[in-house]
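Quantities reported herein were computed from a predicted structural model and do not represent experimental measurements.
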Amino acid sequence: MVPLGWVWGVIGLILATAISLYANSLIARLHEYGGTRHIRYRDLAGFIYGGRKAYSLTWTLQYVNLFMINVGYIILAGSALKAAYVLFRNDDGMKLPYFIAIAGLVCAMFAICIPHLSALGTWLGFSTVLSLVYIVIAFVLSIKDGIKSPPRDYSIAGTPTSKIFTTIGASANLVFAYNTGMLPEIQATIKQPVVKNMMKALYFQFTVGVLPLYMVTFGGYWAYGSSTPTYLMAGVNGPVWAKAMANIAAFLQSVIALHIFASPMYEYLDTKHGIKGSALAFKNLSFRIMVRGGYLAINTFVSAVLPFLGDFMSLAGAISTFPLTFILANHMYLVAQKNKLTSIQKLWHWINICFFAIMSAAATVAALRLIALDSKTYHPFADI
């Protein structure tokens, strides 16, 4: 909202909701294409295009997407820990990179203890509760601050040129917020009829499910205007216990959510190295410690070096979400259903492909520019 303002921010969020629902519905309808259930995004692409190159390209895009998401979650977890810490000790003894390192360690321990995505079980219930705790507290405290505050400044800062770049970067941020890049993997866990039930889930998610996101986004921007912090709880006022609860909830939720988005990489590595049998077997346990721990160590290092959460969300949206969720989805659907589509429908999909390709390229440039500017302002391992 900060780089877009009220009008374009609201329009952008609603448009991002609509196009994300549309793109994800295309992928969902292809889940049983050719009479086969495609439980991985790369399997679906490989089957439709009939080649190893498509399989590898899709896996690369998905890997980049998930890696960037994981970096974002570790930065978010570290920011939440820091926000909780300064409630009790507002000194320079602990800086953001230290909290990011702690967050990375906790994420690694969780990844080692939860061997498979299906083993999350009740943790998903905790995840929902933690999300609601953060949303309710952040919204209530923001509204309370907004009522007491003088008129806010909602103007968009910067030169005309910088506004163009920040607007393009914000568009990538918007689509990143709504998309996972792993819809087939999620759809693989749904009972029959798979497509029908997945469509029900998508309609629910992009109608009722987006309301909490709107609440926090609009409430926070209304309360603080152009000075709204990237991590909302870093700028709210209120009881220490409430802010501490929201920050701890955000931290724990980030740990659980990261595991979900890292699971395709874990599954790929487990399969490649033939990891089977008991999760507590010495070989399997030591493999998870070394491989998953090493993978998250790399994520954590990148998070600590460049802890610019908003910039990374923009970059992830530009280089992976746009191609993976919008360009590839439209093209796969076009190829798979080419004999059933009218000329107008085919033209519509090609317009989507070309438009999102241009947006992806422009948003990548904008996001890299933002990171470069922030890197000049802040040194590596900055305490933001």
Side-chain angles (χ1 to χ4, degrees), residues 20-21 23-34 36-49 54-73 107 110-111 114-121 123-124 127-128 175-206 209 254-273 275-276 279 288 291-292 295-296 299 316-317 320-329 332-333 336:
S20 296
L21 171 59
N24 281 281
S25 67
L26 294 179
I27 300 170
R29 292 189 180 102
L30 295 173
H31 188 74
E32 294 181 313
Y33 174 70
T36 303
R37 287 195 69 175
H38 307 285
I39 62 174
R40 302 178 186 89
Y41 210 133
R42 57 189 183 273
D43 293 340
L44 176 61
F47 186 86
I48 290 175
Y49 295 118
Y55 177 97
S56 300
L57 177 60
T58 305
W59 175 226
T60 300
L61 286 172
Q62 189 179 37
Y63 169 76
V64 171
N65 185 63
L66 298 177
F67 182 87
M68 298 296 288
I69 290 174
N70 294 338
V71 168
Y73 270 121
C107 289
F110 190 78
I114 308 295
H116 311 291
L117 184 60
S118 57
L120 276 174
W123 288 104
L124 296 177
S127 174
T128 303
V175 297
F176 174 79
Y178 288 108
N179 296 282
T180 63
M182 51 182 287
L183 187 81
E185 287 82 355
I186 296 171
Q187 196 168 359
T189 66
I190 294 178
K191 65 181 181 180
Q192 293 285 357
V194 181
V195 175
K196 184 178 180 180
N197 287 333
M198 190 71 226
M199 292 305 298
K200 288 180 180 178
L202 288 174
Y203 289 136
F204 179 84
Q205 173 59 33
F206 287 101
S254 297
V255 173
I256 298 172
L258 181 146
H259 187 78
I260 295 172
F261 289 104
S263 289
M265 174 55 70
Y266 298 157
E267 182 268 339
Y268 169 76
L269 292 171
D270 289 350
T271 302
K272 182 178 180 180
H273 294 279
I275 301 300
K276 299 178 182 179
R288 291 201 303 277
V291 174
R292 296 187 182 187
Y295 174 73
L296 288 171
N299 275 271
S320 56
T321 306
F322 272 131
L324 194 64
T325 305
F326 297 99
I327 300 173
L328 191 60
M332 284 197 303
Y333 194 82

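Taking the six-membered ring where tryptophan is involved, the planes of His259 and Phe110 are perpendicular, since the angle between them exceeds 60° and thus also 30°. In this pair, Tyr33 and Phe47 present their aromatic rings perpendicular. The plane angle is above 60°, beyond the 30 to 60° band. Using bins of under 30°, 30° to 60° and over 60° for the plane-to-plane angle, the ring pair Tyr295/Phe67 lands in the perpendicular bin.
Gln62 and Glu185 share a side-chain donor-acceptor pair at under 3.5 Å. Ser20 and Asn179 form a side-chain donor-acceptor contact under 3.5 Å, judged by distance and modelled atom types alone.
Here the shortest heavy-atom pairing between Met332 and Leu44 reads CE-CD2, 3.9 Å. When all heavy atoms of Leu183 and Met198 are compared, the pair lying nearest together is CD1-CE, 3.5 Å. Of all non-hydrogen atoms in Thr325 and Ala23, the two that sit nearest each other are O-CB, 3.3 Å.
Between the CG atom of Leu61 and the CG atom of Leu328 there is a distance of 7.0 Å, given to the nearest 0.5 Å. Here the OG1 atom belonging to Thr321 is positioned 7.5 Å from the CZ atom belonging to Phe326, to the nearest 0.5 angstrom. Rounded to the nearest 0.5 angstrom, Tyr41 OH and Ile186 CD1 are separated by 11.5 Å. Atoms CE and CG, on Met265 and Asn299 in that order, are 9.5 Å from each other to the nearest 0.5 Å. Atoms CZ and CD1, from Phe261 and Ile256 in turn, are 13.0 Å apart once rounded to the nearest 0.5 Å. To the nearest 0.5 Å, atom CZ of residue Arg42 and atom OG of residue Ser56 are 10.0 Å apart.
Put simply, the side chain of Val195 reaches to within 4.5 Å of the side chain of Gln187, judged on heavy atoms. Side chains of Leu324 and Thr58 form a contact here, defined as non-hydrogen atoms less than 4.5 Å apart. With a 4.5 Å cut-off on side-chain heavy atoms, Leu258 and Leu296 count as touching. Contact check for Tyr178 versus Leu21: no side-chain heavy atoms found under the 4.5 Å cut-off. By the 4.5 Å heavy-atom criterion applied to side chains, Glu32 and Gln192 are counted as neighbours. Using a 4.5 Å heavy-atom cutoff, the side chains of Met68 and Tyr73 are not in contact. Counting heavy atoms from C-beta outward, Pro264 and Leu66 have side chains that approach closer than 4.5 Å.
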Item to check | side chain to side chain contact (heavy atoms under 4.5 Å, CB included) assessment of Val291 paired with Tyr266 | outcome: CA-CA 9 Å; Val291 174; Tyr266 298 157; over 6 Å; no
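When atom types are taken as modelled, the side chain of Arg292 and the backbone of Ala111 share a donor-acceptor pair closer than 3.5 angstrom. The backbone N or O of Pro184 lies less than 3.5 Å from no partner atom in the side chain of His38, so there is not a single donor-acceptor pair. Put simply, the side chain of Ser127 never gets that close to the backbone of Trp123: no donor and acceptor are under 3.5 Å apart. When atom types are taken as modelled, the side chain of Asn197 and the backbone of Lys191 share a donor-acceptor pair closer than 3.5 angstrom.
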